[in-house]
2 protein chains.
Amino acid sequence: MPRKRLTREESRDLTRQRLLEAGAVMIAKKGLAASSVEDIAAQAGYTRGAFYSNFDSKNDLFIELLKRDHEDIQQGLQQLLDAGLSIEDMQKQLAHFYIQAYCGNTSYVLWAEARLQALRDAKFRLRLNALLLEKRNVIAYFITQFCALMKTTLPAPAGDLAFGMMALFDGVRFFNTSMPHEMSDAAAQSVLSAIFSATFFDSGRR
Amino acid sequence: MPRKRLTREESRDLTRQRLLEAGAVMIAKKGLAASSVEDIAAQAGYTRGAFYSNFDSKNDLFIELLKRDHEDIQQGLQQLLDAGLSIEDMQKQLAHFYIQAYCGNTSYVLWAEARLQALRDAKFRLRLNALLLEKRNVIAYFITQFCALMKTTLPAPAGDLAFGMMALFDGVRFFNTSMPHEMSDAAAQSVLSAIFSATFFDSGRR
DNA sequence: GTATTGAGATACATAGTTGTATTAGTGTGC
DNA sequence: GCACACTAATACAACTATGTATCTCAATAC
């Protein structure tokens with residue numbers, strides 16, 4: 001096995017990558033405040049030295065973590081929108097996306113942690129809000145497109161409804177995780193789709 | 001001002017009360033993990049000795065805090081249900097209740113904190129889930145009554161929809177707090193009521 | 001090959017947190 | 001009024017976290 005000899009930059013990037021991944025794991029597991037810098041570094045297989053030589057602070061790592069996750073999601077949603085699919089295909093793809101992006105990993109925990117952090121730290125809040133607004137805009141655009149295709153009218157401004165959907169999806173995901181017996185995967189999907197259709201389909205046809 | 005000389009029990013209850021209140025303040029301000037026992041005791045005007053002589057642990061205080069808040073809300077909702085009001089009055093009262101119970105204080109932050117804690121601590125999760133289920137049941141009952149009165153049908157099981165509404169309300173409250181410019185009080189109320197009506201009124205009349 | 005650079009380890013000083021063990025002081029029962 | 005009981009303060013020992021300063025060694029430049 002000819003292990004590649006890394007250049008200095010490759011090596012540094014790899015370390016950063018591993019620290020970020022370790023941060024995601026630890027913060028999801030123990031929470032932001034309870035995860036020490038040492039925990040994160042150790043989880044990545046390093047010591048604190050590596051951490052401080054790559055990040056200014058825990059918050060610094062955290063916001064980068066969120067940014068990366070956000071970019072992944074944005075990209076996925078944007079591709080879906082740009083693909084010019086039929087409504088049926090779109091809904092199918094969206095369901096798939098939902099399962100993969102929301103249920104397939106623990107990143108929603110990071111976002112919950114982030115919302116709390118935002119309430120307490122004005123600087124952090126600014127950075128988080130920027131990400132949330134971007135996400136809202138993509139979702140609002142999707143909603144607008146959906147209603148245009150369905151020839152239904154929106155019961156409230158698209159941006160506000162987008163926030164509503166974000167709240168709904170994240171919150172239901174929480175119940176689904178922490179009390180799967182009372183809110184199964186199937187129940188989660190069905191209640192989300194019921195509320196979604198009611199809001200964007202039924203209410204606009206009165 | 002003849003300050004009453006307190007009996008031992010009264011004095012202890014007062015201390016407990018103050019510690020609980022201080023816990024609510026500190027946990028909302030700094031988060032559960034970042035609030036030390038000393039922080040809480042100091043905020044209440046005591047030292048750690050008072051804390052440990054009244055509670056087993058920080059989690060112990062926290063769960064009691066949640067239980068009290070929960071009981072207040074339960075009581076309020078139950079009274080509303082039992083009052084036998086007309087639909088219009090009910091909606092009016094409910095809006096008032098929402099403003100007072102959700103927007104008038106910071107307890108929703110505690111519940112967000114609790115949900116995260118529940119993901120990490122199985123024992124805590126059991127206790128929290130019990131509270132959440134009780135709340136869900138009251139809301140589910142309300143939803144059922146509402147739809148019966150409106151003669152509409154439910155688009156999904158009442159319990160699941162109740163979880164959905166809880167998710168929605170809490171989540172929107174978050175946006176409303178941390179980005180009031182993008183999600184004003186009025187926008188929050190209007191989007192909530194739009195989704196609510198769409199789900200429980202419009203969708204059932206097809 | 002040698003000198004240089006810089007990523008990451010280690011050492012250190014400081015500070016904060018926890019829970020218990022002990023002590024002081026105020027209600028309570030006699 | 002005196003002994004008791006209990007609440008809350010204080011003292012203490014162990015542990016954990018933070019950030020910086022220093023050191024080591026591998027990658028790069030010459």
Side-chain angles (χ1 to χ4, degrees), chain A residues 1-23 25-65 113 116-117 120-121 123-124, chain B residues 2-23 25-65 113 117 120-121 123-124:
Chain A
M1 171 176 178
R3 187 189 297 238
K4 179 159 183 286
R5 195 177 159 94
L6 301 175
T7 71
R8 196 165 273 186
E9 196 182 351
E10 288 171 327
S11 168
R12 190 176 211 274
D13 278 359
L14 185 58
T15 302
R16 246 185 114 77
Q17 213 57 250
R18 284 175 178 154
L19 284 169
L20 282 165
E21 179 54 30
V25 170
M26 288 310 298
I27 295 172
K29 183 152 64 177
K30 297 177 56 174
L32 180 65
S35 299
S36 69
V37 169
E38 184 136 24
D39 284 336
I40 296 173
Q43 168 76 24
Y46 297 92
T47 64
R48 258 174 317 137
F51 183 97
Y52 283 114
S53 113
N54 276 282
F55 299 95
D56 285 346
S57 64
K58 207 161 58 177
N59 265 3
D60 191 41
L61 173 140
F62 188 38
I63 204 81
E64 179 151 346
L65 203 51
E113 197 77 50
L116 280 167
Q117 182 64 15
R120 290 161 192 151
D121 176 345
K123 212 163 192 168
F124 187 91
Chain B
R3 186 190 298 240
K4 175 155 186 291
R5 190 179 163 93
L6 299 176
T7 69
R8 194 165 274 183
E9 196 182 351
E10 286 172 329
S11 168
R12 188 174 214 273
D13 278 358
L14 185 59
T15 303
R16 246 185 115 76
Q17 214 57 252
R18 285 177 178 153
L19 284 169
L20 281 166
E21 180 52 31
V25 171
M26 289 310 298
I27 295 172
K29 183 152 67 178
K30 299 177 54 172
L32 179 65
S35 299
S36 68
V37 168
E38 183 135 26
D39 284 335
I40 296 173
Q43 168 75 25
Y46 296 91
T47 63
R48 255 171 325 132
F51 183 96
Y52 283 113
S53 112
N54 277 282
F55 300 95
D56 285 346
S57 64
K58 206 162 57 176
N59 266 3
D60 191 41
L61 173 140
F62 188 38
I63 204 83
E64 178 151 347
L65 204 49
E113 198 76 50
Q117 182 65 14
R120 290 161 192 150
D121 178 343
K123 211 163 191 167
F124 187 91

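For clarity, every value in this text was computed on a predicted model and none was experimentally measured. Naming convention: chains lettered A, B, ... in sequence-line order (proteins, then strands); numbering from 1 in each chain.
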(request) Provide, to the nearest angstrom, the distance between the CZ atom belonging to B/Arg18 and the C1' atom belonging to D/dT7. (result) 14 Å
(request) Could you check how far CD of A/Glu9 sits from P of C/dT5, rounded to whole Å? (result) 18 Å
(message) If the cut-off is 4.0 Å, is A/Asn54 near the phosphate of C/dG8, judged by side-chain N/O to OP1 or OP2?
(response) yes
(request) Spell out, as yes or no, whether a donor-acceptor pair under 3.5 Å connects the side chain of B/Ser35 to the backbone of B/Gly31. (result) yes
(request) With the side chain of B/Ser53 defined as its heavy atoms from C-beta on, choose the nearest nucleotide among D/dT7, C/dG8, D/dA17. (result) D/dT7
(request) Return the nearest nucleotide to the side chain of B/Asp39; candidates are C/dT17, C/dG8, D/dA17. (result) C/dT17
(request) Go through D/dT28, C/dT17, D/dT7 for me and flag the one nearest to the A/Thr7 side chain. (result) D/dT28
(request) Scan A/Thr47 against the nucleic acid and name what it touches under 4.0 Å (heavy atoms): base, sugar-phosphate only, or nothing. (result) base
(request) Mind checking the CG-CZ spacing from A/Leu19 to A/Phe51? Nearest 0.5 Å is all I need. (result) 7.0 Å
(request) Using whole Å, report how far CZ of B/Phe51 lies from P of D/dT10. (result) 18 Å
(request) For B/Asn54 and B/Ala50, indicate whether the former's side chain and the latter's backbone hold a donor-acceptor pair under 3.5 Å. (result) yes
(message) One thing to verify: whether A/Arg120 and B/Glu113 come together as a salt bridge, which I'm taking to mean a side-chain N less than 4.0 angstrom from a carboxylate O.
(response) yes
(request) Take the protein atom CG of A/Asp13 and the nucleotide atom P of C/dG6, then report the distance between them rounded to whole Å. (result) 16 Å
(message) Output the rounded distance in Å from CZ (B/Phe55) to P (C/dG19).
(response) 14 Å
(request) Kindly write out the residues that satisfy side-chain hydrogen bond (donor to acceptor under 3.5 Å, both in side chains) with B/Lys30, not counting sequence neighbours, or none if the list is empty. (result) B/Asp39
(request) Name the closest nucleotide to the B/Arg12 side chain, picking from D/dT18, D/dA8, C/dA9. (result) D/dA8
(message) Could you tell me how far apart A/Asp60 (CG) and D/dT18 (C1') are, to the nearest whole angstrom?
(response) 16 Å
(request) Take the protein atom OH of A/Tyr46 and the nucleotide atom P of C/dG6, then report the distance between them rounded to whole Å. (result) 19 Å
(message) Let's see if you can work this out: which of C/dG8, C/dG19, D/dA9 has an atom nearest to the side-chain heavy atoms of B/Val37?
(response) C/dG19
(message) Heavy-atom nearest nucleotide on DNA chain D for B/Arg48 versus B/Gly45: which residue maps closer to 5'?
(response) B/Gly45
(request) Rounded to the nearest angstrom, tell me the gap between atom CD in A/Glu38 and atom C1' in C/dG8. (result) 14 Å
(message) Counting the atoms with a prime plus P, OP1 and OP2 as sugar-phosphate, which does A/Tyr52 contact under 4.0 Å by heavy atoms, base, sugar-phosphate, or nothing?
(response) base
